[in-house]
Amino acid sequence: MQKVYNSFVEKKAKGAKAFAVLIDPDKVTPQSVGALATKCVDAKVDYLYLGGSLVVTEHLDEVIQQLKAHCDIPVVLFPGSPSQVSRYADALLYLSLISGRNPELLIGQHVVSAAAVKKSGLEVMSTGYMVVDGGAPTTVSYISNTAPIPADKDDIALCTALAGEMLGLKLIYMDAGSGARKPIPESMIQRVSSHVGIPVIVGGGIKDPEKAYLNCKAGADVIVVGNAIEKDASLIKEIANAVHTSKVGVK
C-alpha cells in the first residue's frame, strides 16, 4: 500500500501544497526531537524528511522512534547512503541521481541496498533526484562526485525530469543542496512542473516564507526546508503558513 505516495498524488490533484521539514540525524539527539516534533504538529507540517549526505551518528532508529512517539506526521527517509535505512520510518525516497553521470548513484547503490530495503517493509518511492547549482559547492555534489545542473539551464532540467518520468520514477526532487547560497530559480521550477505529471519536490537554499510561497506558485508540490530551520525554529510555522496558503488551481 502506497499510503504516503498517494498523499503526494492526492494533494497535487487538488492543487494543495505540502511542507516537509528536513531533519539531519547528525544535528539532533533522540532527546531533542520531541520538542521539534511538537513545533511541527502545531504548524501542521505535512512530512518529516530524515537524512543527510553523511550521517555519522548511530541513533537513526532512536530519533525516528522518538518522532513517532511525539507526532503522527509521516516520517520519510531521505538517505544519503544505503546505510540510512530504518524500518521505523513510514516511507523511503529511493533516490536515483538522474542529474549526474555517476553510475553508483544511478543504480549501483540501489543494488547494494535492495535486499535490506525490501526486508525493511518500508513504502518505497522511486525518486528522480536532480541537483541544481546553488551558487556554492555543496556536500551532495562533493560526495556524489557529480556536477549540478547549471541554474540558468531550464531546458536541461526539463529534459532530465521528463526522462525520469518516462523511466517510471514516481517523484522528481529538485535540490540546490544543503547550505546553498541561492535557491532554485522559479523559472526552472515552472518549466519542469508544467511539463511533468508526477509530484515535484523542491529544496535547498529556501530561507524565508516568501521564497517558499513563490516556489509553490511556480509549481513545486512539496517544499523542503532544513538548514534555515536549524538556525531559527520559528520559521517552521511561518513557512508552513506560506506553503499552505499558496494552493493553486489544477493545471
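When a residue number appears, it is its place in the shown sequence, counting from 1. Values below: all heavy atoms of this structure, side chains included; hydrogens, waters and symmetry mates excluded. Everything quoted here is computed from the prediction, not taken from an experiment.
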Trainee: With a 3.5 Å cut-off and no angle check, do the side chains of S144 and N102 form a donor-acceptor pair?
Mentor: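 There is no such pair (donor and acceptor under 3.5 Å, judged by atom type) between the side chains of S144 and N102.
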Trainee: For Q84 and L77, which heavy atoms make the closest approach, and how far apart are they?
Mentor: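 Nearest pair, atom of Q84 first, then L77: O-CD1, 3.9 Å.
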Trainee: After noting the C-alpha distance and the side-chain angles of R191 and D155, does the key distance pass the side chain to side chain contact (heavy atoms under 4.5 Å, CB included) rule?
Mentor: CA-CA 8 Å; R191 189 93 166 109; D155 285 346; 2.8 Å; yes
Trainee: For the CG atom on D152, are there more than 12 heavy atoms of other groups (residues, nucleotides or ligands in this structure) within a distance under 6.0 Å?
Mentor: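 Enclosed.
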Trainee: Just wondering, are more than 12 heavy atoms of other shown residues or ligands nearer than 6.0 Å to NZ in K68?
Mentor: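 Count over threshold, so yes.
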Trainee: Within this structure, what is the OG-CG distance for the pair S246 and L214, rounded to the nearest 0.5 Å?
Mentor: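 Rounded to the nearest 0.5 Å, the OG-CG separation comes to 9.5 Å.
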Trainee: Under a 4.5 Å cut-off applied to non-hydrogen side-chain atoms, are L48 and C71 in contact?
Mentor: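 Yes; the side chains approach each other to less than 4.5 Å.
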Trainee: Is the closest side-chain donor-acceptor distance between N215 and K211 under 3.5 Å?
Mentor: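 The criterion, which ignores hydrogens and geometry beyond distance, is satisfied for K211 and N215.
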Trainee: Which heavy atom of V131 sits nearest to which heavy atom of L97, and what is that distance?
Mentor: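 Distance-wise, the nearest heavy atoms are CG2-CD1, 3.6 Å.
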Trainee: Please test Y49 against V21 for side chain to side chain contact (heavy atoms under 4.5 Å, CB included), starting from the C-alpha separation and ending with a verdict.
Mentor: CA-CA 6 Å; Y49 283 9; V21 170; over 6 Å; no
Trainee: Looking at CD1 of I223 and CD1 of I206, how far apart are the two atoms once the value is rounded to the nearest 0.5 Å?
Mentor: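 Those atoms lie 4.5 Å apart.
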Trainee: Distance-only, no hydrogens or angles: does the H110 side chain make a donor-acceptor pair with backbone N or O of L95 under 3.5 Å?
Mentor: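 Yes, H110 side chain to L95 backbone: donor-acceptor pair under 3.5 Å.
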Trainee: Does some side-chain heavy atom of T146 sit less than 4.5 Å from a side-chain heavy atom of R101?
Mentor: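 No, side chains not in contact.
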Trainee: Find out whether F8 and V200 are in side-chain contact, i.e. whether some heavy atom of one side chain is under 4.5 Å from a heavy atom of the other.
Mentor: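 With C-beta onward as the side chain, the pair stays apart.
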Trainee: Would you call Y94 and V117 a side-chain contact if the rule is heavy atoms closer than 4.5 Å?
Mentor: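 Answer yes - side chains close enough.
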Trainee: State the CD1-NZ distance between I239 and K207, to the nearest 0.5 angstrom.
Mentor: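 If I round to the nearest 0.5 Å, the distance is 12.0 Å.
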Trainee: To check you understand the geometry: which heavy-atom pair defines the closest contact between V132 and A151, and what is its length?
Mentor: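 Nearest heavy atoms, V132 then A151: CG1-CA, 4.2 Å.
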Trainee: Could you measure the distance from the CG atom of L105 to the OG atom of S96? Nearest 0.5 Å is fine.
Mentor: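 One finds 8.5 Å between CG of L105 and OG of S96.
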Trainee: For E62 and P30, work out which heavy atoms get closest and say how close.
Mentor: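 For E62 and P30, the tightest heavy-atom pair comes out as CB-CG, 3.6 Å.
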Trainee: Would you check if the distance from the ring center of Y47 to the ring center of F19 is below 6.0 Å?
Mentor: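 Centroid distance Y47-F19: not below 6.0 Å, so no.
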Trainee: Is any side-chain heavy atom of M125 closer than 4.5 Å to one of L92?
Mentor: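 A side-chain contact under 4.5 Å is absent here.
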Trainee: Output, in order, the C-alpha distance, side-chain angles, deciding distance and verdict of side chain to side chain contact (heavy atoms under 4.5 Å, CB included) for T138 and Y142.
Mentor: CA-CA 6 Å; T138 60; Y142 178 80; over 6 Å; no
Trainee: Test side chain to side chain contact (heavy atoms under 4.5 Å, CB included) on V28 and I23; report intermediate values, then the result.
Mentor: CA-CA 8 Å; V28 297; I23 302 170; 3.9 Å; yes
Trainee: Does the side chain of I149 come within less than 4.5 Å of S99's, by heavy atoms?
Mentor: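 Of all side-chain heavy-atom pairs linking I149 with S99, at least one is under 4.5 Å.
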Trainee: Supply the atom-to-atom distance H59 NE2 to S86 OG, rounded to the nearest 0.5 angstrom.
Mentor: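 If we round to the nearest 0.5 Å, H59:NE2 and S86:OG are 12.0 Å apart.
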Trainee: Before accepting this row, confirm whether a basic side-chain N of the pair K3/E123 lies closer than 4.0 Å to the acidic partner's carboxylate O.
Mentor: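 Not counted as a salt bridge, because no side-chain N and carboxylate O are separated by less than 4.0 Å.
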Trainee: Indicate yes or no: at least one non-hydrogen side-chain atom of V140 is less than 4.5 angstrom from one of I143.
Mentor: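 No - every pair of side-chain heavy atoms lies 4.5 Å or more apart.
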Trainee: Mind listing the closest non-hydrogen atom pair of D221 and I198 along with its distance?
Mentor: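 Looking at all heavy atoms of both residues, the shortest contact is OD2-O, 4.2 Å.
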Trainee: Of all the heavy-atom pairs spanning I98 and G128, show the shortest one and how long it is.
Mentor: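 Heavy-atom minimum between the residues: CD1-CA, 3.8 Å.
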Trainee: So, K17 and D46, do they make that salt bridge, N to O below 4.0 Å?
Mentor: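 D46 and K17: not salt-bridged.
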Trainee: So how far is it from Q109 CD to S81 OG, rounded to the nearest 0.5 Å?
Mentor: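 Reported to 0.5 Å precision, the distance equals 7.0 Å.
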Trainee: Using atom types as modelled, flag every donor-acceptor pair under 3.5 Å from a side chain in residues 160-180 to any protein atom, sequence neighbours excluded.
Mentor:
unit_1	atom_1	unit_2	atom_2	d
T160	OG1	I156	O	2.7
E165	OE2	G197	N	2.8
K170	NZ	Q2	OE1	3.4
D175	OD1	G177	N	2.8
D175	OD2	Y129	OH	2.5
S178	OG	N227	OD1	3.2
S178	OG	N227	ND2	3.4

Trainee: Taking the side chain as every heavy atom from C-beta outward, state whether C40 and I236 have any atom pair closer than 4.5 Å.
Mentor: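 Yes, close enough: below the 4.5 Å cut-off.
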